[in-house]
Number of protein chains: 2
Amino acid sequence: MNKEELIKQTAKELFFSKGYLHATTQEIADAAGVNRSLINYYFRSRDLLFQTVYHEAVDSLKSQLDDVIYGNTPFKEKLGLFIDVHMKELQKYPYRESFLITEICSKNFALKEKKKSAALHHFLKEIEVEMEKGTIKKYDPIQFVFNLTSLISFPVIMMPLYQKLLDIPKEKYSELIAQRKQIILDNIFN
Amino acid sequence: MNKEELIKQTAKELFFSKGYLHATTQEIADAAGVNRSLINYYFRSRDLLFQTVYHEAVDSLKSQLDDVIYGNTPFKEKLGLFIDVHMKELQKYPYRESFLITEICSKNFALKEKKKSAALHHFLKEIEVEMEKGTIKKYDPIQFVFNLTSLISFPVIMMPLYQKLLDIPKEKYSELIAQRKQIILDNIFN
DNA sequence: TTGCTGTTTAACAATTTTGTTAAACAAAAA
DNA sequence: TTTTTGTTTAACAAAATTGTTAAACAGCAA
């Protein structure tokens with residue numbers, strides 16, 4: 001892998017996987033095994049590296065589920081896939097969303113992105129259809145998305161904290177997470 | 001309010017309310033309207049201030065719900081209260097959990113806390129009883145806690161991100177959050 | 001008053017973190 | 001071969017951040 005990509009991937013590793021949001025350029029360089037000056041060479045400044053990583057994370061979050069959503073599998077299976085894809089990403093990058101939140105809050109983001117995801121729109125329509133059919137409860141389809149993503153992401157994102165608060169050993173916690181797909185599906189389809 | 005408390009409260013304001021996790025001692029001092037040296041006077045170092053704030057946050061998270069859980073209201077009302085209390089706290093401190101996660105990940109926390117919350121234990125027992133009664137679905141009671149806290153917290157914590165991703169204006173988002181109590185209760189009691 | 005105590009501040013020092021520059025290097029082109 | 005181009009490095013400079021110190025200050029007690 002070329003060094004530029006390596007630096008970016010390593011930064012993501014630190015931020016999204018290890019939740020190490022305070023990483024300095026030196027720490028990133030060390031983790032990547034490159035000279036710190038390379039970060040300035042390829043990204044000009046620490047801030048620009050962060051911006052790059054940020055934007056790529058947003059993009060990947062947006063596009064992550066396109067394939068699933070546009071597939072013409074029936075709704076229930078589609079949700080199963082939705083959960084699978086999301087879970088797999090969470091396993092790799094549990095803190096990606098946390099990083100994004102922190103960045104958005106830190107800078108007073110004058111972000112221009114206004115392009116509403118077409119996939120999302122499609123998904124919302126599909127949810128509405130199912131609500132009409134009575135497969136799922138009837139309210140604002142966004143609330144359904146809230147429910148779904150909350151049930152998938154939150155227990156994973158909060159793992160280190162909830163392990164402490166609920167006093168659950170690591171293995172037990174992993175086991176609980178592994179069972180969540182079925183529990184979420186049960187929950188959603190009453 | 002005495003300056004020591006003022007500094008602590010201001011730090012919490014920045015971390016928990018504004019999600020500004022990168023705050024420097026100077027920024028905290030400015031926000032509190034005190035001389036930066038006071039932080040060192042009262043807390044010795046930046047790190048000790050962080051530790052203090054961290055531990056108070058964990059404690060408050062633990063004790064936050066004790067009253068509700070030990071009250072002898074019936075289960076359904078109790079959950080309603082549980083949601084109310086949680087939501088109120090989230091309104092004030094939406095990023096408290098995010099801060100804790102970040103801190104835990106940053107330091108390689110050699111944290112000693114092992115005192116399992118008695119309230120939690122009591123709550124889990126109560127959930128099990130309801131599962132036996134058939135009021136709610138039957139699985140590991142921890143999963144019920146996961147579901148409940150996820151549905152309550154996640155949409156609030158992710159607000160700035162989901163506003164962007166889902167392209168929802170601020171007021172609409174607040175409205176959606178306001179409706180969540182009922183939706184969560186509906187969801188849990190099938 | 002003086003002396004004692006705890007609080008607050010500015011000035012300074014030390015450290016950490018970031019950014020720049022010029023030189024070294026390597027591989028391909030002329 | 002020399003030149004060119006892009007990459008990599010160490011050394012330096014600049015900036016930002018933290019920690020320390022001594023003096024100023026305010027209130028109260030002796």
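Order of the sequence lines fixes the chain letters, A, B, ..., with proteins taken first and strands second; residue numbering starts at 1 for each chain.
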- Item | A/Glu5: partners by salt bridge (Lys or Arg N to Asp or Glu O under 4.0 Å), with sequence neighbours left out | A/Lys8
- Item | By salt bridge (Lys or Arg N to Asp or Glu O under 4.0 Å) - contacts of A/Asp84 (at least two apart) | A/Lys181
- Note on the structure: So the salt bridge (charged side-chain N to carboxylate O under 4.0 Å, His left out) pairs with at least one residue in residues 141-158 of chain B (sequence neighbours excluded) are none
- Pairs involving residues 134-150 of chain B, ordered by first then second residue, that meet salt bridge (charged side-chain N to carboxylate O under 4.0 Å, His left out) (sequence neighbours left out): A/Lys172-B/Asp140, B/Glu132-B/Lys138
- What pairs with B/Tyr95 under ring pair (Phe, Tyr, Trp, His ring centres under 6.0 Å), at least two apart in sequence or on another chain? none
- Do B/Ile136 and A/Leu185 share a hydrophobic cluster (ILVMFWY, side-chain heavy atoms under 4.5 Å, transitive)? yes
- Message: Using a strict heavy-atom distance below 4.0 Å, which residues from residues 1-31 of chain A are in contact with DNA chain D?
- Response: A/Lys3
- Neighbours of DNA chain D within residues 36-49 of chain B, by heavy-atom distance under 4.0 Å: B/Arg36, B/Ser37, B/Asn40, B/Ser45, B/Arg46
- Residues passing the side chain to side chain donor-acceptor pair (under 3.5 Å) test with A/Thr135, sequence neighbours excluded, are A/Glu130
- Query: What pairs with B/Glu175 under side chain to side chain donor-acceptor pair (under 3.5 Å), at least two apart in sequence or on another chain?
  - Reply: none
Return all side-chain donor-acceptor pairs below 3.5 angstrom for residues 16-26 of chain B, not counting sequence neighbours, or 'none' if the list is empty.
residue, atom, partner, partner atom, Å
B/Ser17, OG, B/Lys92, O, 2.9
B/Tyr20, OH, B/Glu27, OE1, 3.4
B/Tyr20, OH, B/Glu27, OE2, 2.9
B/Thr24, OG1, B/Glu27, N, 3.2
B/Thr24, OG1, B/Glu27, OE1, 3.3
B/Gln26, OE1, B/Arg36, NE, 3.4
B/Gln26, NE2, B/Asp30, OD1, 3.0

- Message: Under the rule for side-chain contact (heavy atoms from CB on, under 4.5 Å), what residues qualify as partners of B/Gln64, not counting sequence neighbours?
- Response: B/Leu61, B/Val85, B/His86, B/Glu89, B/Arg96
- Task: Please list, in 5' to 3' order, the outermost nucleotides of DNA chain C lying under 4.0 Å from any heavy atom of chain A.
- Result: C/dT17 to C/dT20
